[in-house]
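All chains are named by letter (A, B, ...) in the order of the sequence lines, taking the proteins before the strands, and each is independently numbered beginning at 1. Predicted model only: the values in this text are computed from it and were never measured. Because only heavy atoms are used, hydrogens play no part in the values below, and waters and symmetry mates are left out as well, while side chains stay in.
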Amino acid sequence: MNVATSIPTDITPDGTDYDTVRRVIEMLTEDYREQPSLERLAGRLGQSPTQLQKVFTRWAGLSPKAFLQAVTLDRAKRLLREEDMPLLEASIEVGLSGPGRLHDLFVTHEAMSPGEWKARGGGLTIRYGYHPSPFGTALVMVTDRGLAGLAFADPGEERASFEDMARRWPNAAYIEDSAATTRYAARIFDSDRWSAEEPLRIFLIGSDFQVRVWQALLKVPFGKATTYSRIADEIGQPSASRAVGAAVGRNPISFVVPCHRALGKGGELTGYHWGLTRKRAILGWEAGRA
DNA sequence: GGTCTGGGTATCT
DNA sequence: AGATACCCAGACC
């Protein structure tokens with residue numbers, strides 16, 4: 001079926017706020033040597049400086065300049081230094097079945113059993129839909145056991161995003177059903193609707209090791225950050241930081257499982273499956289709200 | 001930069 | 001089921 005026709009129309013006439021923001025972030029970070037002025041940025045986007053300032057600030061909770069400061073190395077290093085991770089509390093349960101409360105805010109999780117994981121999604125029905133989000137089009141995937149996937153797509157990349165996700169569970173049945181996914185999307189991106197009384201159910205589909213890494217990520221508080229090596233310590237395999245990086249990168253529920261809060265040991269952003277610009281955007285967006 | 005790294009995955013047997 | 005080769009969003013020198 002044609003994916004493009006099912007994508008909701010953009011919020012603003014010339015594209016979503018995120019699209020504007022994304023381009024601003026790209027220009028600010030890629031041309032950081034020039035440190036382009038607001039006037040220059042606006043000129044390149046064909047907007048007035050005041051309009052651009054307004055859109056950006058509404059989106060991020062920070063002015064473009066403050067945003068840039070919020071995602072600099074200095075700031076990331078400070079975040080890592082000051083952060084006395086509550087992670088160290090207790091060990092993560094290794095058990096792979098049964099729900100457990102992990103997220104401070106709003107997530108309960110259930111994970112696949114190893115047998116189910118080997119089936120590569122066989123017997124699983126996954127409903128999916130595309131929805132606008134603060135970070136561009138979001139691809140939401142749900143099962144009757146909860147949210148299983150959340151991906152992002154730049155304009156025109158929706159199909160690639162879907163295929164990237166579907167490859168993870170090649171034997172699952174996929175049904176496009178945005179009626180089923182829209183309430184998830186609405187909740188995920190509206191922090192006013194996060195509540196401990198009514199947690200969001202997520203379903204982690206991955207290997208034992210991956211699931212333990214993702215559980216560790218769920219313990220990192222909003223607006224904070226951790227490092228790949230800390231996660232490795234946390235799951236009791238201190239020498240596995242590189243494998244942790246790979247597992248973080250395979251996180252199927254981005255944003256909800258906050259893989260964007262994992263940084264290099266020195267505070268570098270290192271990588272992001274859905275693009276470093278998006279990682280900057282999410283971290284900055286959180287900084288504006290933390 | 002180079003080099004070592006641990007675990008995941010694909011592709012054999 | 002085991003062996004092997006290759007991949008990676010790291011870490012360390």
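What separates CZ of F209(A) from P of dT9(B) is a distance of 11 Å, to the nearest Å. Remark: P of dA9(C) and CZ of F255(A) are 22 Å apart, rounded to the nearest angstrom.
Using cut-offs of 30° and 60° for the angle between ring planes, the F189(A) and F152(A) rings count as tilted.
Among the nucleotides dG7(B), dG10(C), dA9(C), the one closest to the side chain of S241(A) is dG10(C).
Side-chain rings of W285(A) and F135(A) approach one another, their centers coming within less than 6.0 Å.
Summary of the strand contacts: L263(A) and A246(A) both lie near DNA chain C, and taking for each the nucleotide with the nearest heavy atom, the more 5' one is attributed to A246(A). Nearest-nucleotide positions on DNA chain B place S239(A) closer to the 5' end than the other of S239(A) and R250(A).
A cation-pi arrangement, defined by a distance under 6.0 Å to the six-membered ring centre and an angle within 45 degrees of its axis, is absent between R212(A) and W214(A).
Taking only distance into account, the side chain of Y228(A) meets the base of dA9(C) through a donor-acceptor pair shorter than 3.5 Å.
For Q53(A) and T50(A), the side-chain atoms include no donor-acceptor pair closer than 3.5 Å.
OP1 or OP2 of dA10(B) has at least one side-chain nitrogen or oxygen of R120(A) nearer than 4.0 Å.
Using the Watson-Crick or G-U wobble rule with both distances under 3.5 Å, dC12(B) pairs with dG2(C).
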